[in-house]
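Beneath this line is the structure, given in structure tokens, with notes to follow.
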Amino acid sequence: MNFFLTLCFSTTGQYWIAVSESSREFDIVVWGATGFTGGLVAHYLDSVAPKNLRWAIAGRNEAKLDARLAELSKPVPKILADAGDPESLHEMSRRTRVLLTTVGPYAKYGMPLVESCIATSTDYVDITGEPDFVAETLKHHEAAKAAGVRIVSCCGFDSIPHDLGAWCAVSALPGRAPIRLEGFVRAKGTISGGTWQSFIGAVSDLKGTQAKARSAPKQKLDGRKVRSLPPRPRYETRLQSWVVPFPTIDPEIVKRSARSLDVYGPDFQYGHYLSLKRFSTLAKGAAGLAGITALAQLPPGKDYLEKRILSGDGPDASTRAKSWFHVAMLGRSGGDRVRVDVRGGDPGYSETSKMVAETALCLAFDLPREEATQLGVITTATACAEPLVARLRKAGIRFDVSQPTRAR
Ligand SMILES: NC(=O)c1ccc[n+]([C@@H]2O[C@H](COP(=O)([O-])OP(=O)(O)OC[C@H]3O[C@@H](n4cnc5c(N)ncnc54)[C@H](OP(=O)(O)O)[C@@H]3O)[C@@H](O)[C@H]2O)c1
């Protein structure tokens, strides 16, 4: 067995020596396997994983882990680890090469595992869409780099189709002219208890969430520019849809990738939109969102909302089978235009579990840590764009890239 010693520094100036092995007991551990999405990840790995994959499921509740194991076609080991017990997190993370976590809300439970993965030199992937949590992880970028690990958040529907769709678009454009890219999202789906709890947590303290999200350190650029396009709600004739600015975490992830990769060119501008066929759907959605946000401001309202969809609940297989997503990326650079369409099934759960599992497999097998050139707190496009797009295409998610055309 080979050992690697790494000197690591935390954001508070502490340092430690991390020991890692090239042959740990597991390639992937799925923490949160007792939850709704973690369960789908476990089933996905159980059905598609290569024979040589060494993996385990993890959670805080042994009886629930046993119940999950009973559903799988092949036995795998189980690990007990609780977010409130840092030693159990260290014990878990030091046994695996990649730690995949679906334990959320991430703002509540996520940071101890990120810190543990940096301390034990373990690659990390999650499916958060919470901007305040991601901002917190970015403060550990230098420590993660020094530990030689990849901390890759947002490996689900937030934000893989957008991040990798944008990467496909800029990669298809010739030349080094400034790039203007717009992403348009359409989706049909139902949410789980975990997503609902994370959403209520964020809207109940909108100001705090936004302040934390803004505190994220930004990577410095050497002469290049990465900017947001001015928002333009409108009827978009190319999509025959109404489009409105969509302030999810996705545009921030796309711009982070643009900051770290030269392929986004000397001056990259991005705009992110929700796309709707009917204007009335938009009006109803905005009214619903405003009502939920208002109700979540007071503790009794927040309690009431949290009980509407419980942790562990989520859409059943037939509901998921009727769900879908489509992300269109329309870009131009100089006189060239490009279009990328990313399409798949149920965005939140069937496809999210596939996306995060394939990201973990990609880090473990296509770009192992010892050979990786991109380290630290990074996006999926920065960590593993090309092999991950290839994996997701093989897994049934479409990335259709048009040949660039000259604008008239
Ligand atoms: N970005 C995306 O596209 C996307 C898509 C889907 C989900 N998500 C996010 O993923 C997260 C999970 O969603 P979900 O619907 O799967 O939630 P869920 O069913 O409620 O599962 C949550 C999991 O976290 C575990 N957990 C809770 N507290 C813990 C603790 N102290 N220690 C260890 N484990 C703990 C739960 O364990 P028990 O079973 O023991 O309670 C369960 O396994 C949410 O934050 C959601 O927003 C994001």
Side-chain angles (χ1 to χ4, degrees), residues 29-44 57-69 78-89 91-93 99-113 116 125-134 152-164 185 187 189-203 209 248-250 252-253 306-316 320 323 325 327 342 344-357 359 379-380 397:
V29 166
V30 180
W31 187 48
T34 57
F36 184 73
T37 319
L40 294 175
V41 173
H43 280 281
Y44 183 77
I57 62 169
R60 62 175 167 175
N61 181 317
E62 189 162 15
K64 281 190 180 181
L65 282 173
D66 287 336
R68 184 66 76 216
L69 281 175
K78 65 180 176 203
I79 300 173
L80 276 171
D82 192 306
D85 176 0
E87 197 40 51
S88 71
L89 299 182
E91 279 301 314
M92 169 175 69
S93 59
L99 200 315
L100 183 166
T101 169
T102 59
V103 171
Y106 288 86
K108 195 168 174 187
Y109 301 121
M111 274 322 289
L113 184 68
S116 175
V125 296
D126 72 31
I127 53 167
T128 188
E130 297 164 50
D132 48 345
F133 169 74
V134 172
V152 191
S153 282
C154 304
C155 304
F157 183 60
D158 295 306
S159 299
I160 280 193
H162 322 282
D163 193 24
L164 297 186
V185 191
T190 312
I191 66 169
S192 71
T195 303
W196 179 247
Q197 308 299 329
S198 299
F199 170 69
I200 297 300
V203 297
T209 305
T248 57
I249 195 163
D250 307 315
E252 292 314 309
I253 296 290
E306 279 174 345
K307 288 184 188 126
R308 294 303 92 198
I309 316 177
L310 298 177
S311 170
D313 286 350
D316 61 21
R320 296 202 305 275
S323 304
F325 76 86
V327 174
V342 188
D346 170 48
Y349 305 98
S350 303
E351 300 296 39
T352 283
S353 52
K354 191 186 282 181
M355 289 179 210
V356 69
T359 310
T379 62
T380 50
I397 295 176

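We count residues from 1, following the sequence as given. Atoms within a ligand are numbered from 1 in the order they appear, just like the ligands themselves.
- With ligand atoms numbered from 1 in the order given, ligand 1 contributes 45 (O) to contacts under 4.0 Å with heavy atoms of Glu130.
- Expressed to the nearest 0.5 Å, how far CG of Asp158 lies from CG of Asp250 amounts to 5.0 Å.
- Polar contact check, Gly194 against ligand 1: a nitrogen or oxygen pair lies under 3.5 Å apart.
- Of all protein heavy atoms, the one closest to atom 40 (O) of ligand 1 is Arg60 NE, 3.0 Å.
- Of the candidates Pro112, Ser192, Gly32, it is Ser192 that places a heavy atom closest to atom 15 (O) of ligand 1.
- Considering every non-hydrogen atom in both Ala357 and Val41, the closest pair reads CB-CG1, 4.3 Å.
- Side-chain contact between Ile397 and Phe325 is present, with at least one heavy-atom pair separated by less than 4.5 Å.
- Within the structure, ligand 1 has Trp31 among the residues with a heavy atom less than 4.0 angstrom away.
- Looking at heavy atoms from C-beta onward, Leu164 lies out of side-chain contact with Val342 at the 4.5 angstrom threshold.
- Summarising the contacts of atom 14 (P) of ligand 1 with Asp313, Thr34, Thr37, the nearest heavy atom is found in Thr37.
- Interface atoms of ligand 1 facing Thr102, defined by a heavy-atom separation under 4.0 Å, are 11 (C), 12 (C).
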Please tabulate, one pair per line, all N/O donor-acceptor pairs under 3.5 Å involving side-chain atoms of residues 80-87, not counting sequence neighbours.
| residue | atom | partner | partner atom | Å |
| --- | --- | --- | --- | --- |
| Asp82 | OD1 | Gly84 | N | 2.8 |
| Asp85 | OD1 | Glu87 | N | 3.2 |
| Asp85 | OD1 | Ser88 | N | 3.3 |

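- For atom 32 (N) of ligand 1, the closest non-hydrogen atom of the protein is Ala83 N, 2.9 Å.
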Q: Show your working on side-chain contact (heavy atoms from CB on, under 4.5 Å) between Thr128 and Cys154 and close with a plain yes or no.
A: CA-CA 5 Å; Thr128 188; Cys154 304; 4.1 Å; yes

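- Nearest protein neighbour of atom 31 (N) of ligand 1, counting heavy atoms only, is Asp82 OD1, 3.2 Å.
- Considering only heavy atoms from C-beta on, Ile79 stays 4.5 Å or farther from Glu91 through its side chain.
- Heavy-atom proximity to Tyr109, at under 4.0 Å, picks out these atoms of ligand 1: 27 (C), 28 (N), 31 (N).
- Between the side chain of Glu130 and the backbone N or O of Ala107, at least one donor-acceptor pair lies under 3.5 Å.
- Annotation: atom 10 (O) of ligand 1 to nearest protein heavy atom, Ile127 CD1, 3.3 Å.
- Using a 4.0 Å cut-off between heavy atoms, Ala81 contacts ligand 1 through its backbone alone, with no side-chain atom that close.
- Between the side chains of Thr37 and Thr102, no donor-acceptor pair of N or O atoms lies under 3.5 Å.
- Using a 4.0 Å cut-off to heavy atoms of Gly312, the atoms of ligand 1 that qualify are 18 (P), 19 (O), 20 (O).
- Under the ring pair (Phe, Tyr, Trp, His ring centres under 6.0 Å) criterion, Tyr44 pairs with no residue, sequence neighbours left out.
- Proximity to Ser311 (heavy-atom distance under 4.0 Å) selects the following atoms of ligand 1: 18 (P), 20 (O).
- Taking only nitrogen or oxygen atoms, main chain and side chain alike, Ser198 reaches within less than 3.5 Å of ligand 1.
- Under the side-chain contact (heavy atoms from CB on, under 4.5 Å) rule, Cys155 has a single partner from Thr379, Asp163, Thr359, Thr352, which is Thr359.
- Under 4.0 angstrom from ligand 1, the non-hydrogen atoms of Lys64 all belong to its side chain.
- The ligand atoms of ligand 1 that sit less than 4.0 angstrom from a heavy atom of Tyr106 are 10 (O), 11 (C), 45 (O).
- Residues Thr34 and Asn61 bring no donor and acceptor atom of their side chains to less than 3.5 Å of each other.
- Scanning both residues, Pro315 and Tyr349, for their nearest heavy atoms gives CG-CD1, 3.7 Å.
- Every atom of ligand 1 is numbered from 1 in the order shown, and the set under 4.0 Å from a heavy atom of Gly35 is 19 (O), 21 (O), 42 (C), 43 (O).
- Those atoms of ligand 1 that come under 4.0 Å of a heavy atom in Gly348, given as number and element, are 5 (C), 6 (C).
- Taking a 4.0 Å cut-off on heavy atoms, Gly59 fails to register as neighbouring ligand 1.
- Compare Asp85, Asp250, Val103 by their heavy atoms: the one nearest to atom 26 (N) of ligand 1 is in Val103.
- Phe36 N, 2.8 Å is the protein heavy atom nearest to atom 19 (O) of ligand 1.
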